[in-house]
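Note sheet for the following structure.
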Amino acid sequence: MSKERDTGLTQDEPLIFEQGGRGRRGYSLPRWDVEEVEADDLVPPDLLRKDLEGFPELSEVDVVRHFTRLSQWNYGVDSGLYPLGSCTMKYNPKVNEEIARMRGFANIHPYHPQDLSQGILRLMYQLEGLLAEITGMDYVTLQPAAGAHGELTGMMMIKACLHARGEKRRKVLVPDTAHGTNCSTSTIASYQMVGIRSNERGVIGPEQVAEQTDEEVAAIMVTNPNTLGLFEENLSEIAEIVHRRGGFVYCDGANLNALMGIVKLGDLGVDVVHINLHKTFSTPHGGGGPGAGPVAIKKELAPFLPIPVIEKIGETYRLNDERPQSVGKMRAFYGNFGVLLRAYAYILSMGAEGLRMASEMAVLNANYLMRRLKDYYYLPYDRPCMHECVFTDRFQEKHHVSTLDIAKRLIDHGFHPPTIYFPLVVKGALMMEPTETESKESLDRFIETLIKIAKEAEEKPDLLRQAPQKVKVRRLDEVLAARKPKLKWNANK
Ligand SMILES: Cc1ncc(COP(=O)(O)O)c(C=O)c1O
């Protein structure tokens, strides 16, 4: 195999059903020393599976190798640079995994009596305090299982607070640079979403907000830094405008990895902010799996926090369910403890200085990438960025090469593509987030590959249009895959 092909992406692994041979076994057991009984004599017939036509018969080695090879097809943060903007895949420190596996943590059960769970409750209480400190807010709930779930929790608290004030407001303002989930959340929370256009600097102007804000506005949902990777520099002024009319300021703080230790969102007039632990605090992230999107709030919203709330009375921690104005339970028990624990370990191991440095490095890396690539890829907002930068395919258009082609060609070079066609506010977006953990060498390799691809677009555009070529499956028919997904193996097809 040539060096370039040796990426682990190119192995041609058959399905497990296509492997093995008749009579092959993955185990060997000693002879029975009890009388053999037919399964039919013990198990009711409707529970007995009879027909396993085509079921594979494999040895232990066959099975181990099959799944190991499949695992090598995956590209993850532990394989190489993962430049997905917005849905960032972050470094997962191995020390966090060690800590999460400690018996006291791993074996804890949510039905453990509170007296015997004091350490766990203390840890969660302290994590709430740390997140409140980092965001400049008063209280935190750890319950939501993801960023979008945190958004819904936050909007429900705003709605409950307005209800308690006897106000029935209908609208939520959402800028075009907000994350897509902000639009969905405002709709799911039964508000009418009112769009706000960003200005020529790629941020929201106070004038646009003032024009749209009236007594019907329940809240504005601002993503900061926004999805163009730019800091919403007018946020304090915008907050004042919205507050003057009695509305709330919701900040999507999923991009907190650009701000930690530098800016406290609470100081900018934010009333509610959610945090994506997988984006900022290095917890594992994948496939909609167990995550955490804690929500930090200002005092006024405290009565509406989800139950149970962790309280400290003297030196004792307890879970309080007796909160009549609460929005209720947002998640079974207290949230995804294993994820919260990893974030806690990360914050303590980094310390205040370390967290600030992580943000500074994330911003530095993104700006380095942006500066070095801006002669090769069109930069719609040519100004310093935060933790991610957004290019478009405008320079490549004349060669009939699109963002999709560039992304697919990166796969041939052994890189995971960046986020594409998002944010929607620019056409043909290529959104890159290098994160704070990439070394200069790895950034340079990525940059040089992208420069090479920009040259290929001019000289050999077909190479890009036909990419990826060095993988098992090339371009998929995504419409067919979505409309007619094949989710089950069938012996006859
Ligand atoms: C800015 C922003 N807001 C919200 C979300 C939604 O978070 P989640 O995917 O955890 O629901 C994301 C995605 O990571 C995001 O980048």
Side-chain angles (χ1 to χ4, degrees), residues 77 82-92 131 135 141-156 172 174-189 193 198 202-204 219-232 235 249-260 265 270 272-296 330-331 335-336 338-340 342-343 359 362-363 366 385-390 416 418-425 429 431-435:
V77 278
Y82 209 116
L84 266 192
S86 198
C87 292
T88 328
M89 302 295 265
K90 290 264 295 201
Y91 151 69
N92 303 146
L131 296 176
T135 50
T141 172
L142 303 174
Q143 276 189 36
H149 195 202
E151 289 173 35
L152 183 64
T153 307
M155 289 308 292
M156 284 169 65
V172 169
V174 184
D176 55 8
T177 50
H179 194 259
T181 46
N182 299 178
C183 313
S184 326
T185 300
S186 52
T187 308
I188 293 175
M193 191 204 104
S198 48
V203 295
I204 350 166
I220 184 167
M221 290 188 89
V222 183
T223 301
N224 197 19
N226 69 24
T227 54
L228 287 166
L230 301 175
F231 186 71
E232 288 291 349
L235 188 53
V249 178
Y250 185 101
C251 182
D252 177 331
N255 295 331
L256 191 66
N257 51 330
L259 307 180
M260 284 182 300
L265 289 163
V270 167
V272 189
V273 53
H274 82 263
I275 306 156
N276 280 19
L277 296 188
H278 49 272
K279 290 188 70 175
T280 305
F281 296 107
S282 81
T283 64
H285 172 291
V295 180
M330 292 305 291
R331 171 94 188 136
N336 285 318
V339 173
L340 302 172
R342 287 169 172 86
S359 290
V363 173
C385 63
M386 300 299 286
H387 61 302
E388 59 197 357
C389 55
V390 178
H416 193 285
T419 296
I420 57 171
Y421 300 111
F422 180 82
L424 301 176
V425 66
M431 182 196 225
M432 302 179 196
E433 177 168 357
T435 79

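Atoms within a ligand are numbered from 1 in the order they appear, just like the ligands themselves. Atom set for the values below is all heavy atoms of this structure, side chains included, hydrogens, waters and symmetry mates excluded. The chain is numbered in sequence order, starting from 1.
Closest approach of L228 to G202, counting heavy atoms only: CD1-O, 3.7 Å. Between K90 and N92, the shortest heavy-atom contact is O-ND2, 3.1 Å. Between P175 and M221, the shortest heavy-atom distance links the atoms CD-O, 3.1 Å.
Near A254, meaning under 4.0 Å from one of its heavy atoms, ligand 1 places the atoms 1 (C), 2 (C), 3 (N), 15 (C). Interface atoms of ligand 1 facing H278, defined by a heavy-atom separation under 4.0 Å, are 10 (O). Contact atoms of ligand 1 toward A148: 6 (C), 7 (O), 8 (P), 11 (O) (distance under 4.0 Å to a heavy atom of the residue). Atoms of ligand 1 lying under 4.0 Å from any heavy atom of N276, numbered from 1 in the order shown and given with element: 5 (C), 6 (C), 7 (O), 8 (P), 10 (O), 12 (C), 13 (C), 14 (O). Contact atoms of ligand 1 toward A146: 10 (O), 11 (O) (distance under 4.0 Å to a heavy atom of the residue).
Side chain of E388 to backbone of G85: no donor-acceptor contact under 3.5 angstrom is found. Counting only distance, with no hydrogens or angles, the side chain of H179 and the backbone of S86 share no donor-acceptor pair below 3.5 Å.
At a heavy-atom cutoff of 4.0 Å, ligand 1 is contacted by no atom of H149, backbone or side chain. Here T227 has no heavy atoms under 4.0 Å from ligand 1, in either its backbone or its side chain. Both the backbone and the side chain of S86 come within 4.0 Å of ligand 1, counting heavy atoms alone.
Close N/O approach between N255 and ligand 1 is not found [any backbone or side-chain N/O within under 3.5 Å]. The N/O atoms of K279, backbone and side chain alike, include one that comes under 3.5 Å of an N/O atom in ligand 1. For a threshold of 3.5 Å applied to N or O pairs, the pair formed by T223 and ligand 1 contains no separation below that value.
Not a single heavy atom of G291 sits under 4.0 Å from any atom of ligand 1.
In this structure, atom 3 (N) of ligand 1 lies nearest to the protein heavy atom D252 OD2, 2.5 Å. The nearest protein atom to atom 8 (P) of ligand 1, hydrogens excluded, is given as G147 N, 3.5 Å; this is a heavy-atom distance.
With sequence neighbours excluded, no residue forms a ring pair (Phe, Tyr, Trp, His ring centres under 6.0 Å) with F231. For the side-chain hydrogen bond (donor to acceptor under 3.5 Å, both in side chains) test, residues two or more places apart in sequence or in another chain that qualify with S198 are D176.
Using a 4.5 Å heavy-atom threshold, the side chains of V172 and Y250 count as separate. At least one side-chain heavy atom of P423 sits less than 4.5 Å from a side-chain heavy atom of M431.
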